[in-house]
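These notes concern the structure reproduced below.
One-based numbering, in listed order, for ligands and for the atoms of each.
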Amino acid sequence: MHAVVCIKQVPDTTDVKIDRKTNTLIREGVPSIVNPFDIHAIEEALRLKDRFGGRVTVISMGPSQARESLKKAISYGVDEAILISDRAFAGADTLATSYVLAQTIRAIGDKEPVDLVLCGKQAIDGDTAQVGPGIATRLGISQLTYVVKIRSIDLEKKEIVVERQLEGGREVLRAELPALLTVVKELNTSRYQSLPSMIRAARYDPPVWDKDSFDRDPSLLGLKGSPTKVSKVYVPPPREKGGIIAGDPEDPEKTVAELVDKLLECKIIG
Ligand SMILES: Cc1cc2nc3c(=O)[nH]c(=O)nc-3n(C[C@H](O)[C@H](O)[C@H](O)COP(=O)(O)OP(=O)(O)OC[C@H]3O[C@@H](n4cnc5c(N)ncnc54)[C@H](O)[C@@H]3O)c2cc1C
């Protein structure tokens, strides 16, 4: 079993600040972490390796600082962690990001076929949840999103059965391998890092793949390959404080009149 896990380095906060001039996230001064959902993707890949043997490869597209996230992945016990980094990837939207990740996975698969690709359900900064499905579409493989449980995997029949988390329950799906899964936190509890893995991580220098490391169409990279235009980014204005009409149980007509006046004033009726 060869599993590839995609991880993203994100700011360690959900209170993201926005640069009003450039409409981009302010990342300076905010410590970085591995996107929390991706930690669960790593854990699941390691559990599958424990069951079936094989290999876990982690990849991350990002600037040089993303090395720290890859070292973190090594500390959990993955076999290899690759940084995908090149100036040509700068300004990538989710379409261009998923293109680079898909081409990387193809190149990895040429050396050792990939059975499963795992992603988090979404990144806590960009929050689009588009990259996983984008990779699966580009690779032409099954995509199973919001996976909360892997029921079974049959490597001979090349088949996987999973449970997807839906708002009102769970959906059971059977799909062909190779497949891409996006995972939710309830899938598993992450293990503690072992001392030997932590020592290996401290010494690990992630290999860097640039634009020449895989087959690619230059027009689909970075800003050139990004059709998304961000017209405005803003923090929604805080909601106005609500009012309570206490009412008078002795005089319900007065209470109703007060309520109707308020609804007229707010132009909800009238
Ligand atoms: C016009 C435009 C320009 C942008 N320019 C930049 C820029 O210059 N620099 C910049 O940092 N961001 C930039 N972004 C943001 C960048 O496109 C997104 O952060 C990225 O595509 C991931 O989207 P997301 O955060 O919504 O991830 P989601 O789709 O929510 O992530 C889901 C999962 O996909 C995987 N994943 C996501 N991103 C990566 C990654 N990079 N490597 C490995 N796995 C990943 C992870 O498993 C993650 O859990 C830009 C966005 C737009 C729209």
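- Every atom of ligand 1 is numbered from 1 in the order shown, and the set under 4.0 Å from a heavy atom of D93 is 2 (C), 17 (O), 21 (O), 51 (C), 52 (C), 53 (C).
- Heavy-atom proximity to Q130, at under 4.0 Å, picks out these atoms of ligand 1: 29 (O).
- When each atom of ligand 1 is checked for a heavy atom of I7 under 4.0 Å away, the hits are 42 (N), 43 (C), 44 (N).
- Ligand 1 has G91 within reach: a non-hydrogen atom of the residue lies less than 4.0 Å from it.
- In A92, the part holding a heavy atom less than 4.0 Å from any atom of ligand 1 is the backbone.
- In the vicinity of D125, heavy-atom distances shorter than 4.0 Å reach the ligand 1 atoms 25 (O).
- Below 4.0 Å from some heavy atom of D38 lie the following atoms of ligand 1, by number and element: 46 (C), 47 (O), 48 (C), 49 (O).
- Residue-level proximity to ligand 1 for T228 is carried by backbone and side chain together, each with a heavy atom below 4.0 angstrom.
- Across all their heavy atoms, L116 and M1 have their closest contact at CB-SD, 4.4 Å.
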**OP:** Could you walk me through whether I84 and V100 pass side-chain contact (heavy atoms from CB on, under 4.5 Å), step by step?
**Re:** CA-CA 8 Å; I84 311 153; V100 167; 3.6 Å; yes
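- Contacts of L101 with ligand 1, taken as heavy-atom pairs under 4.0 Å, involve the side chain alone.
- Contacts between C119 and ligand 1, counted as non-hydrogen atom pairs separated by less than 4.0 Å, involve both the backbone and the side chain.
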**OP:** Start with the C-alpha gap between R47 and E43, add the side-chain angles, then the distance that decides, and say whether salt bridge (charged side-chain N to carboxylate O under 4.0 Å, His left out) holds.
**Re:** CA-CA 6 Å; R47 288 183 186 200; E43 174 61 30; 2.7 Å; yes
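- The N/O atoms of A90, backbone and side chain alike, include none that comes under 3.5 Å of an N/O atom in ligand 1.
- Applying the side-chain hydrogen bond (donor to acceptor under 3.5 Å, both in side chains) test to every pair with at least one member in residues 193-202, sequence neighbours left out, gives these pairs: S75-Q193, S194-S197.
- Polar contact check, T128 against ligand 1: a nitrogen or oxygen pair lies under 3.5 Å apart.
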